[in-house]
Amino acid sequence: MRPSLRAWDWHLLGAALGLTVVSVVTITSASARLNPVLAWRQLTWALIGIGACLAVARMPISRWTELAGLAYGLGVILLVLVCIAGTTKLGATRWLSVFGLSLQPTELVKLGTVWLLARYLAGQPTPLPTRAVVTSLLLAGLPALLIFRQPDLGSATILAAIWLGMAWVSGLSRRHAAVLAGAMLGLAPLAWHILKPYQRDRLLAFINPHADPLGAGYTVIQSQIAIGSGQWVGRGWFAGTQNQLNFLPERHSDFIFSVVGEEWGLLGCLVVVAAFVLLLARVLDVALRTGTPHGRLLAVGVFAWVGYQAFVNLGMVSGLLPVVGVPLPLMSYGGTSMVALWIGLGTVLGTERTEEGMHPSPWS
Amino acid sequence: MSSRIVALRLVALIAAALIVLRLMDLQVLRGGRFRELAEHNRLRAVPELAPRGLIVDRRGEILAANQTVFRVAIIPQEVDELQPVLAHVSHVVGVPVDELSRQLSLRRSLPFVPATIVPQIPKPLALRLEEDRLHLPGLLVRPETVRAYPQRRVAAHLLGYLGRPQPEDLPVLKEYGVRAEHLIGRTGLEQAFDAYLRGRAGGAMVEVDHRARRVRTIGQRPAEPGQTLTLTIDASLQALIEEAFGSQPGAAVVLDPRSGEVLALVSVPSFNPAAFIGGSSREVQGYLSDPRSPLLNRATVGTYTPGSIAKVITAIAALEHGVITPATTIVCRGSLRIGDRTFFCWNRDGHGPMTVVDAIRGSCNVFFMQVGRWLGVERLTDAMWTVGWGRRTGWLLEEHAGLLPGRRLTEGEAAMLAIGQGELLITPMQAALLASTVANGGWLVKPWVVSAIGDRRTAKISTQRLRWSPETFEIIQRGMRQAVVHPEGTAFRASASRVPVAGKTGTAQTHLVERPHGWFIGYCPADAPRVAMAIVWEHGGSGGDLPTEIARAICDYIGAVSEPDRLVPDTASRPTATAAPSPSG
């Protein structure tokens, strides 16, 4: 029986579309001196992503219960393949070439993990028993470990954030939370030893970017100058000198927000931040209104994914957090990421549109 | 669980507020200052290259050093008009403008970082350009330290050379401070130990005023110099052998049979590693097109038919398997008939009756062909495998495994194998390991060449006791000593040395029209060996001529120098030359 479809959540969709448009506009400027084709590619991937999102939103979310294991398993297998045969990009092996397209399995794994954790945790009692905490931790931990080994510290912490958000909402007890926090503190010195020398350099550069101004500290310094020089209204499209004169490395991907800051100023930055806040608020709103734990967990998983990634990226480019190489959702250049995020949003929209016991939105 | 979802909303709002506060700090409170820095491009990156670590021999003599050169560079963003600047440089230095602009586009990196357009100019030209700089803004003449090889060609193959990093390696290297314009080791030790030798480039970020003068330093990271690499090589011995070859192609390996330390690793013709620093010079093109392949490291990658030096292994295997005893006598009449073919001894008149010691001394083909027939191919190739032929030695740089016959051989081919002919190829390094095994009485050592990185000792002796009896080696040692001291011995020329030498020559047939490879393997002093060696003269002639001559020169040198500082303290497990310890286990 096909459930009746409700109206689209235009606030959610509009915020995501807005961010995507800003992304393509900004990449057009950021890649002008780099490789102008990048903007077209980003646009193509955005359209594919939006199409996938609309398709996904039409299906009942029980479909994702069935596909969760498949997506997760495929993602993990691809991660293992990357370990074996991936092409090295920027010092870390994250990409897999499939038929000439480079695929980033990390993004697929984030989606698969959200789906699988939602399916697993939805069937667990509240508060979460120890067995469920351990099992869900292992489910998120396996891909996180593989990603950490690439090495990609930032993306590994995203999976941790997704797990934490979803476990928290499905009733993680305070006792379990305290034990985990204690274990993290205890393992921190060990983790420092596992990090690659350049990862340590980046963390140290965060504490004092001026200790290595041409190395790890370079991007931090240049990015802050770029954002700061934008002042109130920015220097205009294609007019940012930090951007156009090649001062900003990685400006089309991880540091896209620095270009927004330089060329569109505080005004542009506030628009982007506001769009993220609106998007996240609407995703949480779906979580609040849905009648099933499964739908609620899907929405919370997507919230943790987008929210954490956005916060870490914005913090990193503005010098609040260390540079760990996390892209800005829906904005940084990258096809796999764009499509995976739109599909993720599609499942949230689908929850709203198709679910039986959904409370009506007070907004519309 | 609604309250927990509401809590998440609060977390998101706090995070957003933090970001907004930070943006207001950067863009409103400090915005003016950042705008000033960005608008006038007031920040300059000033890179500082790390001096590369030295490579020194066992006595501290420098094989690879650094020297100061003058480079011509351009800061593209500071040039008013590019063409006149390039034209002037072209006029002074004598490099076409096209080449200069090609270099400029290749070497551009960060904005306002100088791009080198001429890698090296003589000092007088540097001074002249420096004077012209005043009216040519953006042009720069700057001193820089580059790799230098004070002994020129000596040990070039071992040291290797530098070059620009491959584009596909750059992303990884970038994390360690290496940039496209830097030089990194591309072959040899320069490559294998690049991570230690290159150190880490540093640099500063400085703020400049409108006339490009430094106002203040924003941040700085001092360059970390590379670490010194100490080798087991004896540079004087290495140079002496390279000189002894003259213009003849060949290779030689000298190592300490007690530890595996390599004292000399010679490959001739050689090359000048400094030629690679400037990019693709005419000299480098010459090396690449030379039919004698001067870049090939013959000592470990060159493979040769061993010829008569293989008889040492045939003798060991025959004695060990009881096929012959030290007293077994075979009569050589100058030829041996196997099936319907007749195989001749090099001495067509025949050696007469011979024991194994006599046969090693005179390198009698008939004796060893007969012994080879008795032994059979399997036991023979087994013994060759045991001393390291047909497999890699574990040498840290590039090496060839050589070749052992891989198919069933006829009886005639088996007899030829016993005298080192046929489908059999070895590297000079593998020949030296055979010499070393005889010298130390049955220990297979692993050759090594780096004894210290910085202050850290890296010597790791690895030896393996072969399951052959000391008595067998005594007989082989007696034969090889006789080959030198007996007037009819094939290595008699080496008897002129001031120290007692033991050796075995080889003259390996390769192709009918080409001259044979001449071999010498041996060790000295014969009673307490300090070095074992292998010398090959590529398509040169008899092993008794030039190779034995070179061996004599090596032994004279060894006799003249006092025991070099031992790099490794004596330990009970190390093989000794006189009495080999009983096999462990």
Side-chain angles (χ1 to χ4, degrees), chain A residues 88-91 126 165 168-171 196-198 201 208-215 217-218 221-222 224-232 235 240-242 245-247 261-262 265-266 269-270 273-274 276-277 280-281 284 287-288 293 296 300 303-304 307 310-311 314-315 318-320, chain B residues 1-2 4-9 11-13 15-16 18-20 22-41 43 45-48 77 108-113 168-169 171-177 179 200-206 217-221:
Chain A
T88 298
K89 188 173 180 179
L90 298 172
T126 313
W168 169 254
V169 169
S170 41
K196 302 266 172 196
Y198 77 86
D201 273 0
N208 179 15
H210 300 149
D212 189 7
L214 301 192
Y218 183 83
I221 297 174
Q222 297 298 348
Q224 288 185 41
I225 293 175
I227 294 175
S229 70
Q231 294 186 297
W232 287 99
R235 309 187 64 186
T241 48
Q242 291 289 103
L245 291 179
N246 277 333
F247 276 102
E262 182 178 34
L266 183 61
C269 291
L270 288 181
V273 174
F276 273 115
V277 170
L280 292 169
L284 272 192
L288 274 173
R296 180 165 65 227
V300 167
F303 166 84
F311 176 66
L314 296 181
S318 62
L320 272 182
Chain B
M1 286 296 114
S2 296
R4 289 199 164 185
I5 297 179
V6 173
L8 286 182
R9 187 188 281 171
V11 170
L13 283 176
L18 275 176
I19 297 291
V20 170
R22 177 64 173 182
L23 290 171
M24 295 184 55
D25 166 37
L26 288 176
Q27 298 184 298
V28 179
L29 295 182
R30 291 193 276 161
R33 183 170 148 56
F34 284 129
R35 173 67 69 93
E36 172 74 6
L37 285 173
E39 218 156 50
H40 300 108
N41 307 308
L43 288 188
V46 185
E48 185 192 353
Q77 292 82 353
R108 278 179 94 129
S109 55
L110 299 172
F112 296 97
V113 169
E168 61 266 29
D169 298 336
V172 181
L173 290 171
K174 214 170 87 185
E175 305 288 1
Y176 298 93
R179 295 190 180 280
R200 178 162 190 146
M205 186 76 81
V206 298
T217 301
I218 306 265
Q220 191 164 20
R221 177 181 182 139

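Lettering follows sequence order; numbering is per chain, from 1.
- Heavy-atom pairs under 4.5 Å with chain A were tallied for B:L23, B:L29, B:V20; the largest tally goes to B:L23.
- Neither the backbone nor the side chain of A:F276 comes within less than 4.5 Å of any heavy atom in chain B.
- Heavy atoms closer than 4.5 Å to chain A are found in the side chain of B:L13, but not in its backbone.
- When the candidates A:G307, A:G265, A:G165 are compared by the number of heavy-atom contacts under 4.5 Å with chain B, A:G265 comes out ahead.
- The parts of A:I227 that come within reach of chain B are both its backbone and its side chain, each placing non-hydrogen atoms under 4.5 angstrom from that chain.
- To the nearest 0.5 Å, atom CZ of residue B:R33 and atom CZ of residue B:R35 are 14.5 Å apart.
- In this structure the side chain of B:I5 reaches within 4.5 angstrom of the side chain of A:R296, judged on heavy atoms.
- Note that CG of B:L18 and CG of A:L314 are 11.5 Å apart. Values are rounded to the nearest 0.5 Å.
- Atom CD of B:Q27 sits about 9.5 Å away from atom OG of A:S318, to the nearest 0.5 Å.
- Rounding to the nearest 0.5 Å gives a distance of 6.5 Å between CZ of B:R9 and CG of A:L284.
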